[in-house]
Number of protein chains: 2
Amino acid sequence: MKTAGKTHGTGCPVAHGLDTFGDRWTLLVLRDMILHGKRRYGELLEAEEGIATNILADRLKHLEAEGLITRVRDPQNRRSYLYGLTEKGLSLMPVIFEIIKWSAAHFPLTATRKRLLQRINEDSAGLIREIRAREAANPLP
Amino acid sequence: MKTAGKTHGTGCPVAHGLDTFGDRWTLLVLRDMILHGKRRYGELLEAEEGIATNILADRLKHLEAEGLITRVRDPQNRRSYLYGLTEKGLSLMPVIFEIIKWSAAHFPLTATRKRLLQRINEDSAGLIREIRAREAANPLP
DNA sequence: CCATTCACTTGTGAAACGCAAGTGAAATGG
DNA sequence: CCATTTCACTTGCGTTTCACAAGTGAATGG
């Protein structure tokens, strides 16, 4: 399998991070789960970047294997699954926020995203708490 | 060419960041330049992860095209080049630091790296200033 | 039932990667 | 000088990963 990561296998924490989420798609999947609260395969497929179905399946497996997300059957619909963020996945929020801040400094944002950026700049701890609360309020069944 | 990035081409700042440095090698090159002060092709090749020469050449071109680094001839040795960080490249420090913090929370670090982590946790602004000062003290010729 | 939905899997061609070897210009040694 | 070494790459080539399209099987809805 080994998707999203031939391992660099050194002790470097930066390399370790890249082994876990350092490809073109993994962080976008996490972005959709963290920022947009997506929990289903079908929702994640609709990402505006247009991820391919096999790539999405690979990344979800990888993220589950790495312990950043969990997968359970939807009790309301047994052909469906629900994906939820673990603490390890949620703790990537600061990384995503710093990427947003970096991008914002070097290319223009839409109005909606400017609001998000402002929130990150002014109260990132609060935003992190809010997202954690949202997850805690909707635990996977 | 288009190395390190088939562009996602949406307005999302996370996607934009990934287009710029979201592959397995780009951020490691920047890590070596930022954290270890490397400025030469030969030094960068010695990264413990073992980057291939063609990949390194591609990434350096890409980083220069994106404006994260600059390249000049070494006046002391005209067959040699020097690579330096631009403001845009240096401003990725917080992203790298957050990746280090995330990794440190989820896998063990060596003693040397624990010291770096401590520095990041206790005085990241000071560390950032220090690295900027180091670059400013050694401007590319 | 029969069609549709959902979460994938499979197949295939194109692109990217990893390794080894080679190139050309500049410096170095004798 | 001129051969050798250094430096920063480039080229070739086999392997892996990717993107796109199509297909599968179980579960639900009408």
Side-chain angles (χ1 to χ4, degrees), chain A residues 1-10 15 18-19 21-29 32-33 38-65 69-84 140, chain B residues 1-10 15 18-29 32-33 38-65 69-84 140-141:
Chain A
M1 189 84 359
K2 175 53 48 122
T3 305
K6 153 163 309 181
T7 181
H8 291 300
T10 63
L18 292 175
D19 285 342
F21 54 80
D23 74 290
R24 194 159 313 293
W25 289 109
T26 302
L27 222 46
L28 293 181
V29 172
D32 280 348
M33 295 183 72
K38 295 184 181 178
R39 325 189 95 194
R40 293 164 182 290
Y41 190 90
E43 292 177 310
L44 292 166
L45 259 192
E46 292 161 7
E48 57 182 339
E49 287 85 8
I51 188 170
T53 67
N54 56 346
I55 306 290
L56 176 56
D58 273 1
R59 293 306 181 276
L60 289 171
K61 258 177 213 154
H62 175 73
L63 285 169
E64 195 188 0
I69 64 175
T70 51
R71 186 180 90 133
V72 298
R73 278 209 122 100
D74 183 351
Q76 259 71 59
N77 184 339
R78 284 188 24 79
R79 75 196 148 172
S80 212
Y81 292 90
L82 294 171
Y83 295 92
L140 289 194
Chain B
M1 188 91 353
K2 175 54 50 130
T3 305
K6 155 162 310 183
T7 181
H8 290 300
T10 64
L18 293 175
D19 285 342
T20 308
F21 54 80
D23 75 291
R24 194 157 309 293
W25 289 110
T26 302
L27 222 45
L28 293 180
V29 171
D32 281 348
M33 296 184 71
K38 296 184 181 178
R39 325 189 96 193
R40 292 164 183 289
Y41 190 90
E43 292 176 310
L44 292 166
L45 258 192
E46 292 162 7
E48 57 182 341
E49 287 86 7
I51 189 169
T53 68
N54 55 346
I55 306 291
L56 177 56
D58 272 2
R59 293 306 180 277
L60 290 171
K61 258 177 215 155
H62 175 72
L63 285 170
E64 196 188 0
I69 64 174
T70 50
R71 188 179 87 134
V72 297
R73 271 185 181 263
D74 182 352
Q76 260 70 60
N77 185 339
R78 284 186 25 79
R79 74 196 149 171
S80 213
Y81 292 90
L82 295 171
Y83 296 92
L140 289 196

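Chain letters run A, B, ... following the sequence lines, proteins first, then strands; residues in each count from 1.
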Chemist: Think Lys61(A) has a side-chain N or O under 4.0 angstrom from the OP1 or OP2 of dA7(C)?
Modeler: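 No, Lys61(A) has no side-chain N/O under 4.0 Å of OP1/OP2 on dA7(C).
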
Chemist: Can you tell me how far the CG atom of Leu28(B) sits from the CG atom of Leu56(B), to the nearest 0.5 Å?
Modeler: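 Leu28(B) atom CG to Leu56(B) atom CG measures 11.0 Å (nearest 0.5 Å).
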
Chemist: So, using side-chain hydrogen bond (donor to acceptor under 3.5 Å, both in side chains) as the criterion, who are the partners of Asn54(B) when residues are at least two apart?
Modeler: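 Not a single residue meets the side-chain hydrogen bond (donor to acceptor under 3.5 Å, both in side chains) criterion with Asn54(B).
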
Chemist: Starting at atom CG of Leu60(A), determine the distance to atom P of dT9(C), rounded to an integer number of angstrom.
Modeler: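 So the CG-P distance, Leu60(A) to dT9(C), works out to 10 Å.
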
Chemist: Could you tell me whether the phosphate oxygens of dT17(D), OP1 or OP2, come under 4.0 Å of any side-chain nitrogen or oxygen in Trp25(A)?
Modeler: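 So the side chain of Trp25(A) is outside the cut-off, no N or O lying under 4.0 Å from OP1 or OP2 of dT17(D).
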
Chemist: Please tabulate the protein-to-nucleotide N/O contacts below 3.5 Å involving nucleotides 28-30 of chain D, giving atom names and distances.
Modeler:
residue : atom : partner  : partner atom : Å
dT28(D) : OP1  : Arg78(A) : N            : 2.7

Chemist: Report yes if a side-chain nitrogen or oxygen of Arg59(A) is closer than 4.0 Å to either non-bridging phosphate oxygen (OP1 or OP2) of dC8(C); otherwise report no.
Modeler: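 No, Arg59(A) has no side-chain N/O under 4.0 Å of OP1/OP2 on dC8(C).
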
Chemist: Glu64(A): what forms a side chain to side chain contact (heavy atoms under 4.5 Å, CB included) with it, not counting sequence neighbours?
Modeler: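 Only Ile69(A), Arg71(A) meet the side chain to side chain contact (heavy atoms under 4.5 Å, CB included) criterion with Glu64(A).
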
Chemist: With sequence neighbours left out, what residues match Arg73(B) under side chain to side chain contact (heavy atoms under 4.5 Å, CB included)?
Modeler: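 With neighbours one apart ignored, the set is Arg78(B), Tyr81(B).
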
Chemist: Could you go step by step and tell me if Val29(A) and Ile51(A) meet the side-chain contact (heavy atoms from CB on, under 4.5 Å) rule?
Modeler: CA-CA 9 Å; Val29(A) 172; Ile51(A) 188 170; 4.2 Å; yes

Chemist: Closest approach to the side chain of Asn54(B), judged atom by atom: which nucleotide of dC17(C), dC19(C), dC9(D) is it?
Modeler: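 The closest nucleotide is dC19(C).
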
Chemist: Using side chain to side chain contact (heavy atoms under 4.5 Å, CB included) as the criterion, list what pairs up with Ala57(A), not counting sequence neighbours.
Modeler: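 Ala57(A) satisfies side chain to side chain contact (heavy atoms under 4.5 Å, CB included) with Tyr41(A) once adjacent residues are dropped.
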
Chemist: Tell me what Tyr41(A) touches on the nucleic acid: a base, only sugar-phosphate, or nothing, going by heavy atoms under 4.0 Å.
Modeler: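 Since a base atom lies under 4.0 Å of Tyr41(A), the category is base.
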
Chemist: Mind checking Arg71(A) for me? I need base, sugar-phosphate or nothing, with any heavy atom below 4.0 Å counting as a touch.
Modeler: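 Answer is sugar-phosphate: Arg71(A) comes under 4.0 Å of backbone atoms only.
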
Chemist: Roughly, in whole Å, what's the span from CG in Leu56(A) to P in dT17(D)?
Modeler: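 Rounding to the nearest Å, CG of Leu56(A) and P of dT17(D) are 18 Å apart.
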
Chemist: CD of Glu49(B) versus P of dG18(C): gap in Å, rounded?
Modeler: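 So the two atoms are 12 Å apart, to the nearest Å.
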
Chemist: Can you name the side chain to side chain contact (heavy atoms under 4.5 Å, CB included) partners of Pro141(B), sequence neighbours left out?
Modeler: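 Listed in chain order: Val72(B), Pro75(B), Leu82(B).
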
Chemist: If I take atom CG from residue Asp58(B) and atom OG1 from residue Thr53(B), how far apart are they, to the nearest 0.5 angstrom?
Modeler: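 Going from CG on Asp58(B) over to OG1 on Thr53(B), the span is 9.5 Å.
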
Chemist: In degrees rounded to 10°, what angle is found between the helical axes fit to the five outermost pairs at each end of the helix from dC1(C)-dG30(D) to dG30(C)-dC1(D)?
Modeler: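 Comparing the axis at each end, I get an angle of 10°.
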
Chemist: Can you name the residues that form a salt bridge (Lys or Arg N to Asp or Glu O under 4.0 Å) with Arg40(A), not counting sequence neighbours?
Modeler: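 Counting only residues at least two positions away or on another chain, Arg40(A) forms a salt bridge (Lys or Arg N to Asp or Glu O under 4.0 Å) with Asp74(A).
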
Chemist: Taking N or O atoms only and anything under 3.5 Å, show me the protein contacts with nucleotides 22-24 of chain D, one pair per line.
Modeler:
none

Chemist: I need the CG-P distance between Asp58(B) and dA15(C), as an integer number of Å.
Modeler: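 So the CG-P distance, Asp58(B) to dA15(C), works out to 15 Å.
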
Chemist: Would you say dC7(D) has OP1 or OP2 under 4.0 Å from some side-chain N or O of Ser80(B)?
Modeler: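 Answer no for this pair, as no side-chain N or O of Ser80(B) is under 4.0 Å from OP1 or OP2.
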
Chemist: Between Ile51(A) and Arg40(B), name the one whose nearest nucleotide on DNA chain D is closer to the 5' end.
Modeler: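 Upstream on the strand: Arg40(B).
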
